[in-house]
There are 2 protein chains.
Amino acid sequence: MGITRNKQSAIASTPATDARAGRGDLDAVLGFHLRLAHGAVYRHFAETFSELELTQKQVSVLWLVSDWPGLSQTTLSHQLQMDRATTTEIVNRLAARGLLRRATMAGDRRKLALHLLPAGTRVLARARKAVRTHETWLKDRFSSAEVEMLIALLERIHG
Amino acid sequence: MGITRNKQSAIASTPATDARAGRGDLDAVLGFHLRLAHGAVYRHFAETFSELELTQKQVSVLWLVSDWPGLSQTTLSHQLQMDRATTTEIVNRLAARGLLRRATMAGDRRKLALHLLPAGTRVLARARKAVRTHETWLKDRFSSAEVEMLIALLERIHG
DNA sequence: TATTGTTATACTCTATAACTATA
DNA sequence: TATAGTTATAGAGTATAACAATA
């Protein structure tokens, strides 16, 4: 995502000649479409969040910590399907910006409980609005039934 | 992807307690599911391609160059929706491994035509088999109608 | 002037391995 | 022994900006 400049995407639109050619076999590969769709959403997210300077993953972390204050990094790892090292790094970044804090848990002093700091709560409120904008852009091409269908299908991939 | 070790994913399976809790609001965010699904597919792809040491993107490039020998880097950029700099880097990596070569086009000497080298053709043949394995893992959870539906929906995202 | 491609730079994500500390 | 988290390291992807060559 690369803390996200407020610019037009550098990816030029596909000329008609290219589009007509198609991509042959590759168009039958589900994983290929998933990757392209993810990339398109990733780029739009980056544009939408250029002012807030937050990535998809960072927003997800703030969001979850807000909804379950005190959750451990390990639980967070599971929810967002990333390993411990990645989680540490992302939490580091948010903590360095004063958006959340770590506190050792009373019951099990190996674990770190995560809580939003006031700045994190404020940023998250703005992020939720930006997510709505972004999601509107994304969902506007579908009926609500199609959105439900798509989410259900994607859930069967990520479990 | 990180040239991909032949190991179990470091992402532990979610304990039942976490799963039961769910993710609240976040579960209504389409982009969130897209990101998780992409991540899951990305990881399985990495496992499947650990021996071949190829990423999704690298396979896509070999695949397209094979299907349209002589295509330019710019056309490749459009097909895979990435900018010129990223394209240069990925082509560099494949060229360094002797899988493809660049040649200036006769008609327009600004452009570079891409062609597979024999090693590239051999690697791609093995990659196509691995893609079949990977796609079977991915598609086995869906009916063929659902696969078609999912591809159609994803296409409306990436255009 | 516009397009094609390269290079330098930089940041995020991802992951492994080795480590500390706690249980 | 097993779990929680950190640190060091590394590679891939993404993107911007400045640049050279060609059109």
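For the numbers below, each heavy atom of this structure counts, side chains included, while hydrogens, waters and symmetry mates do not. Model, not experiment: these values are computed from the prediction.
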So, OP1 or OP2 of dT14(D): does either fall under 4.0 Å of a side-chain N or O from Arg43(A)? no
Rounded to whole Å, CZ of Phe49(B) lies from P of dG13(D) at a distance of 13 Å
So, are Glu47(B) and Arg43(B) salt-bridged, with charged N and O less than 4.0 Å apart? no
May I ask you to decide if Leu71(B)'s main-chain N or O and Thr75(B)'s side chain share a donor-acceptor pair within less than 3.5 Å? no
Can a donor-acceptor pair be found, under 3.5 Å and without considering hydrogens, that links the side chain of Gln81(B) to the backbone of Ala40(A)? no
Quick one, give me the B/S/- string for nucleotides 1-6 of chain C, reading 5' to 3', where B means a protein heavy atom under 4.0 Å from the base and S means that only happens at the primed atoms, P, OP1 or OP2. -BBBBB
What's the CG-P distance between Asp83(B) and dA12(D), to the nearest Å? 17 Å
Around atom CZ of Arg128(B), are there more than 12 heavy atoms from other residues, nucleotides or ligands closer than 6.0 Å? yes
Does CZ belonging to Arg156(B) count more than 12 external heavy atoms closer than 6.0 Å? yes
Could you give the NZ-to-P distance, from Lys57(B) to dC13(C), as a whole number of Å? 17 Å
First encountered from the 5' end of DNA chain C, between Gly39(B) and Arg109(A): Gly39(B)
Taking five pairs at each terminus, the helix from dT1(C)-dA23(D) to dA23(C)-dT1(D) shows an axis bend, to 10°, of 0°
Can you say whether the rings of His134(A) and Phe45(A) are parallel (under 30°), tilted (30 to 60°) or perpendicular (over 60°)? perpendicular
Contact between Thr74(A) and Lys111(A) at the side-chain level, heavy atoms closer than 4.5 Å - yes or no? no
Provide, to the nearest angstrom, the distance between the CG atom belonging to Leu76(B) and the P atom belonging to dG13(D). 13 Å
Whole Å only: how far is the CE atom of Met82(A) from the C1' atom of dG5(D)? 13 Å
Check the surroundings of atom CD in Glu155(B): do more than 12 heavy atoms from other residues, nucleotides or ligands lie under 6.0 Å from it? yes
Closest to the Arg93(B) side chain, choosing from dA15(D), dA12(D), dT14(C): dA12(D)
Nearest whole angstrom, please: distance from the C1' of dG13(D) to the CG of Leu36(A). 14 Å
Nucleotide dG11(D), atom P - distance to CD1 of Ile90(B) in whole Å: 16 Å
Is a salt bridge present between Asp67(B) and Arg23(A), judged by a nitrogen-to-oxygen distance below 4.0 Å? no
Quick one: Leu94(B) CG to dA12(D) C1', roughly how many Å, whole number? 12 Å
